[in-house]
2 protein chains.
Amino acid sequence: MNKIKVLIAENFDVYRHGLRSILSEAPAVSEVYAVRSAKDLVQAYKKSPDSVCIVSSNIEGSNIHDLMQRLEKVQPAPKVIVLTYSTDVNHLNQSLKAGVNGYLMKNCTTGELESAIKEVAKGKQAFSKSVSQMMANKYVDQAKKTGSVSNKLTKRETEVLKLIVEGHTSPEIAKMLFISPRTVETHRSNLMNKLKIKNTAALVRYALEKTEIG
Amino acid sequence: MNKIKVLIAENFDVYRHGLRSILSEAPAVSEVYAVRSAKDLVQAYKKSPDSVCIVSSNIEGSNIHDLMQRLEKVQPAPKVIVLTYSTDVNHLNQSLKAGVNGYLMKNCTTGELESAIKEVAKGKQAFSKSVSQMMANKYVDQAKKTGSVSNKLTKRETEVLKLIVEGHTSPEIAKMLFISPRTVETHRSNLMNKLKIKNTAALVRYALEKTEIG
DNA sequence: CAGGCACTACGTATTTCTACGTAGTTAAAA
DNA sequence: TTTTAACTACGTAGAAATACGTAGTGCCTG
């Protein structure tokens with residue numbers, strides 16, 4: 001197997017230095033190039049489209065989805081590993097949807113990082129332990145929920161939920177959204193039915209812990 | 001001014017490498033030594049008690065308070081900068097109480113890191129912009145709250161709040177705590193008065209975002 | 001076009017929550 | 001010892017939330 005070229009895109013100084021330092025010493029890696037922004041990454045990728053890209057979840061200048069599209073214009077199947085700082089489930093989902101090949105937590109070990117790069121270079125996928133455990137748990141959770149997998153909320157429901165989380169009562173929300181208080185309560189009702197939740201407290205907790213609200 | 005010795009304590013590989021890489025290149029720094037755990041840090045500190053310590057907020061093997069005490073046994077006024085990954089206000093408060101000299105966010109720049117080390121080496125304090133901004137905001141918030149600074153909750157109140165967050169109603173909580181439902185409502189009432197909060201939703205949000213509950 | 005989904009709205013009844021009080025006991029602090 | 005704080009408990013009243021329905025309109029899709 002040929003040695004692997006790696007492109008790092010990370011706008012935080014310390015972390016970028018850390019990645020470069022570790023990967024420079026990795027035997028499987030031949031070249032390491034580090035940039036700060038999404039724009040620079042795309043530029044660099046044009047010059048060496050056979051690289052494995054390591055991208056920070058909070059990369060400056062783009063979200064993962066757009067970044068992937070830009071990379072795909074250069075080369076149809078870019079190899080991208082996302083490194084994340086948070087345990088935000090939404091971000092993971094978005095990244096997977098965007099088609100990334102790996103997803104590691106910021107606190108991964110040198111070993112995890114290296115093996116992930118090797119796997120992705122081979123065309124496989126790579127997830128850090130905590131991420132794959134989390135995915136497994138979610139899968140079980142979903143299955144438990146009577147099989148109905150997509151408990152996605154509608155726009156309006158999300159809107160209402162957001163206002164509930166912000167501490168507004170139903171009448172207040174009604175005024176804000178220019179709808180009837182009853183309608184707000186219908187939305188509350190539907191939210192709770194969908195989420196198998198029985199009161200406001202649990203609803204707020206759900207929103208803060210399992211959605212991008214908050 | 002003499003060059004500064006730096007001790008790094010960070011259990012995450014990438015970040016530790018990053019710090020070492022950056023500080024090795026810093027002109028003001030003469031020596032850099034990096035360890036993984038609190039225990040190792042104390043050991044290393046005994047050998048060079050004139051070092052500035054850079055400690056990860058999630059350092060393995062100790063909390064900040066105990067770590068500071070251990071360092072103080074070696075040398076009465078250890079110079080410690082905490083690097084944090086989160087925006088957790090509680091952790092900041094605990095760190096300040098423990099007597100650390102600096103507090104930086106993980107996403108600080110190379111410049112911020114270097115100048116913080118210089119400041120702390122001089123015996124001054126150093127906080128990253130976001131941290132000092134946040135402290136300023138909190139100060140204003142506190143001032144607004146009619147001067148009453150300590151809005152700490154009692155044990156019982158914390159207990160009740162926890163159960164509210166878990167989605168239990170007042171009657172349920174009453175049964176769990178073997179007290180009257182009215183008493184639970186009194187606690188709710190007191191909680192909301194203390195926190196200037198007007199309903200359950202805001203209470204849950206407060207608990208999840210600003211306390212260790214959840 | 002028919003069917004499904006989202007959004008809207010209402011009725012009724014019950015439960016829970018919130019506001020604003022009072023007050024006894026106990027344990028710790030001044 | 002006096003005082004303070006915490007925990008307990010209750011009354012009354014009104015506001016809000018929850019449970020259980022029904023139903024019209026618009027939009028998109030098969």
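Protein chains get the first letters and strands the later ones, always in sequence-line order, with residue 1 at the start of each. Predicted model only: the values in this text are computed from it and were never measured.
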Asks: Can you tell me if the side-chain N/O atoms of B/Thr183 get under 4.0 Å from OP1 or OP2 in D/dA9?
Replies: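 Result: yes.
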Asks: Please report, rounded to the nearest Å, how far the C1' atom of D/dA6 is from the CD atom of B/Glu159.
Replies: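 From B/Glu159 CD to D/dA6 C1': 13 Å.
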Asks: Under 3.5 Å, which donor-acceptor pairs link side chains of residues 171-184 of chain A to any protein atom two or more places apart or in another chain?
Replies:
{"residue": "A/Glu172", "atom": "OE1", "partner": "A/His168", "partner atom": "ND1", "Å": "3.1"}
{"residue": "A/Glu172", "atom": "OE1", "partner": "A/Thr169", "partner atom": "N", "Å": "3.1"}
{"residue": "A/Ser180", "atom": "OG", "partner": "A/Arg182", "partner atom": "N", "Å": "3.0"}

Asks: Report yes or no: do B/Ser189 and B/Thr186 form a side-chain donor-acceptor pair below 3.5 Å?
Replies: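 No, B/Thr186 and B/Ser189 have no side-chain donor paired with an acceptor closer than 3.5 Å.
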Asks: Once you round it to whole Å, what is the distance between P of D/dG26 and CZ of A/Arg156?
Replies: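 To the nearest whole Å, that distance equals 16 Å.
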Asks: I need the NZ-P distance between A/Lys194 and D/dA19, as an integer number of Å.
Replies: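 Taking NZ of A/Lys194 and P of D/dA19, I get 16 Å after rounding.
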Asks: Starting from P on C/dA9, measure out to CG on A/Asn190 and report it in whole angstrom.
Replies: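 Value for this atom pair: 14 Å.
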Asks: In this structure, how many angstroms lie between the C1' atom of D/dA17 and the CG atom of A/Leu161, rounded?
Replies: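 After rounding, the gap between these two atoms is 15 Å.
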Asks: Can B/Lys194 and B/Glu157 be counted as an ion pair, charged N to O under 4.0 angstrom?
Replies: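 Salt bridge between B/Lys194 and B/Glu157, a charged N being under 4.0 Å from a carboxylate O: yes.
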Asks: Nucleotide by nucleotide, 5' to 3', does protein get under 4.0 Å of the base (B), only the sugar-phosphate (S), or neither (-) in nucleotides 11-19 of chain C, counting heavy atoms?
Replies: BB---SSBS
Asks: Taking 4.0 angstrom as the limit, do B/Asp13 and B/Arg36 come out as a salt bridge?
Replies: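 Answer for the salt bridge query: yes.
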Asks: Taking atom types as modelled and ignoring hydrogens, do the side chains of B/Arg188 and B/Thr200 form a donor-acceptor contact shorter than 3.5 angstrom?
Replies: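 Side chains of B/Arg188 and B/Thr200: pair found under 3.5 Å.
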Asks: Of B/Ser180 and B/Lys155, whose closest DNA chain D nucleotide lies nearer the 5' terminus?
Replies: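 Checking each residue's closest nucleotide, the 5'-ward one belongs to B/Lys155.
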Asks: Provide, to the nearest angstrom, the distance between the CD1 atom belonging to A/Ile179 and the P atom belonging to C/dC10.
Replies: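 Between P of C/dC10 and CD1 of A/Ile179: 11 Å.
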Asks: Are the charged groups of B/Lys122 and B/Glu119 less than 4.0 angstrom apart, N to O?
Replies: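 Yes.
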Asks: Quickly work out the A/Leu191 CG to D/dT18 C1' distance and round it to whole Å.
Replies: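 Answer to the nearest Å: 13 Å.
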Asks: Is B/His187 near enough to D/dC7 that one of its side-chain N or O atoms lies under 4.0 angstrom from OP1 or OP2?
Replies: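 Answer is no, no contact under 4.0 Å.
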